[in-house]
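First the structure, in the form of C-alpha cells, and then the observations on it.
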Protein chains: 2
Amino acid sequence: MSTMNRDELSRVGLQLLTTHGLADVSMRRVAKELDVAVSALYWHVKDKQSLLGAMVDRLLADVNFTPPTGDTRHDITARAERLYDTILETRDAAELVASALALGTGGERMRDSLNAVSPNALTTDAIMALIIGHATLNQQRTQAQALGVNVSPTTTSTFRQALNLVTGASSIA
Amino acid sequence: MSTMNRDELSRVGLQLLTTHGLADVSMRRVAKELDVAVSALYWHVKDKQSLLGAMVDRLLADVNFTPPTGDTRHDITARAERLYDTILETRDAAELVASALALGTGGERMRDSLNAVSPNALTTDAIMALIIGHATLNQQRTQAQALGVNVSPTTTSTFRQALNLVTGASSIA
DNA sequence: ACCTGAACACCGTTCAAGT
DNA sequence: ACCTGAACACCGTTCAAGT
C-alpha cells in the first residue's frame with residue numbers, strides 16, 4: 001500500500017483540526033491516525049511547521065474565486081469575503097493561517113489572490129491585516145462561547161462593514 | 001522572603017518573552033527563573049493561559065495614552081499607533097496579545113482605550129483588527145528576517161497608511 | 001526509498017504531603 | 001497560606017537500524 005505522502009499528511013492534519021482543534025494536531029496524533037511511527041512523518045515533511053503550512057495551502061486551494069470583473073472595489077471585496085468566510089468556517093483556522101503567514105511556511109495564495117485584483121501592495125496589506133485580525137478576534141469569541149463565556153456576538157456583516165471602510169476610501173479608484 | 005505573587009510571575013514571564021521569545025515562556029522555565037517548584041506557580045495562577053493574560057495586561061499597563069483632544073480622527077490614530085508600536089517593539093507580542101484577546105484572558109485595556117475615543121463599536125473593531133492583523137503579519141517578517149529569509153520590509157508607516165484608509169472614510173466625522 | 005524503535009529533552013497539570 | 005516532590009499523560013525531533 002504505502003499511500004502516505006505529503007498530501008495525505010495535510011489531509012489528516014486538516015481533518016484532525018476540524019474535529020478536535022489545533023491543540024490536537026500533533027505529529028504523534030497524525031502518525032497514530034495513519035498507523036505509522038512518528039518518525040516516519042519526517043521523511044515526508046521537514047518539521048511540524050511545514051505540515052501546518054501544507055494544511056493552510058490545502059485549505060486555501062479549495063477556495064473558488066470568481067474571475068475579476070474590472071470593478072476593483074467589487075473584486076477586492078468579493079475575494080476578501082471569500083477568504084474570510086473560509087477561515088471562519090474552519091475551526092481554529094485563523095490561528096493556523098496567521099502562524100503560517102507569520103513564518104512564511106504557507107498561505108501564499110491568499111496574498112496572490114488579492115494582489116491579482118488589488119491596485120497596490122499597500123491595499124493588499126490592509127485587506128490581509130483586516131482578514132487576519134477580524135478572523136482572529138472573531139474566532140476567539142466562538143471558542144469563548146463554546147466554553148460558556150458570554151461575549152458580544154460579532155458576525156460576518158461586521159467584517160463587511162470594516163471592509164467597506166477600507167475599500168470605500170478615496171484612495172481606491 | 002517569599003516575594004512571589006501574580007505580579008512577579010508576569011514580570012518574569014515578560015522578561016523571558018523579550019529575551020528568549022514566546023516558545024521559551026513555559027511554566028517550568030518561569031519556575032526555574034524564580035527558583036521554585038513548577039507546582040508552586042499554580043497557587044498564584046490558574047493555568048498558563050492566565051499567566052499569559054497577566055503578561056499582556058502588564059505590557060499594556062505601561063502604555064501612556066495622551067488625553068482625548070476631541071478630534072476623533074486624531075485621537076483614534078494616536079492611540080492606535082501607540083498600541084501598534086508597543087506590540088511591535090516587544091518580541092512575539094503580536095501572537096501573545098492575539099491569543100489573550102481570543103481567549104478573553106487579558107488585554108481589555110486595548111479595547112477600552114480605543115472605545116474611549118471611538119465613535120462606535122464597529123470602528124473600534126476595525127481598528128483592533130488592523131492592529132492585530134498588521135502586527136501579526138509584520139512580526140513574522142521580523143522573525144523570518146532573523147532566520148535569514150529575505151522578505152519585503154514593512155514598516156510602521158505602512159500601518160499608518162492602512163489606518164488612514166479606515167479613519168479617512170466618510171463614516172467617521 | 002521508506003519506515004521502525006528507542007531515546008533525548010522537553011511540556012502543562014494534579015495532588016498528596018509537608019511547614 | 002504557601003510550597004515541594006513525584007507522578008501522569010503528553011510533546012517535537014533525531015538517528016541508528018531495518019527492509
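In what follows, every chain begins at residue 1, and chains take the letters A, B, ... in the order their sequences are listed. Keep in mind the model is a prediction, meaning the values are calculated, not measured. The figures here come from the full heavy-atom set of this structure, side chains too, leaving out hydrogens, waters and symmetry mates.
- A donor-acceptor contact closer than 3.5 angstrom is absent between the side chains of A:R160 and A:T77.
- Under a hydrophobic clustering in which Ile, Leu, Val, Met, Phe, Trp and Tyr are joined whenever their side-chain heavy atoms come within less than 4.5 Å, directly or via other members, B:L41 and B:L22 fall into the same cluster.
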Nucleotide by nucleotide, nucleotides 8-13 of chain C touches protein heavy atoms under 4.0 Å in the pattern (B base, S sugar-phosphate only, - none) ---BBB

Base-pair string, DNA chain D, Watson-Crick plus G-U, cut-off 3.5 Å on both distances, | for inter-strand, is ||.|||||...|||||.||

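- Clustering ILVMFWY residues whenever any of their side-chain heavy atoms sit less than 4.5 angstrom apart, transitively, puts B:L122 in a cluster other than the one holding A:I127.
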### Message
Checking B:T123 against B:N120 for the side chain to side chain donor-acceptor pair (under 3.5 Å) test, could you report, in this order, the C-alpha distance in whole Å, the side-chain angles of both residues, the deciding distance, and whether it holds?
### Response
CA-CA 6 Å; B:T123 304; B:N120 52 52; 2.7 Å; yes

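- Here the P atom of nucleotide D:dC3 and the CD atom of B:E8 are 11 Å apart, to the nearest Å.
- Aromatic ring orientation, B:Y84 versus B:H134: perpendicular (interplanar angle above 60°, classes split at 30° and 60°).
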- Item | Criterion side chain to side chain contact (heavy atoms under 4.5 Å, CB included) on A:L137 and B:D125, from CA distance to verdict | CA-CA 9 Å; A:L137 257 27; B:D125 259 30; 5.8 Å; no

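- Rounded to whole Å, atom C1' of C:dC3 lies 9 Å from atom CH2 of A:W43.
- Distance check, rounded to the nearest 0.5 Å: CG of B:D57 to CG of B:L14 gives 10.5 Å.
- Regarding contacts with the backbone of D:dC3, a side-chain N or O of B:H44 is found under 4.0 angstrom from either OP1 or OP2.
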Let me see the working for A:R79 and A:S118 under side chain to side chain contact (heavy atoms under 4.5 Å, CB included), right down to the final yes or no. CA-CA 10 Å; A:R79 298 200 165 196; A:S118 171; over 6 Å; no

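- The NZ-P distance, from A:K32 to C:dT4, rounds to 15 Å in whole Å.
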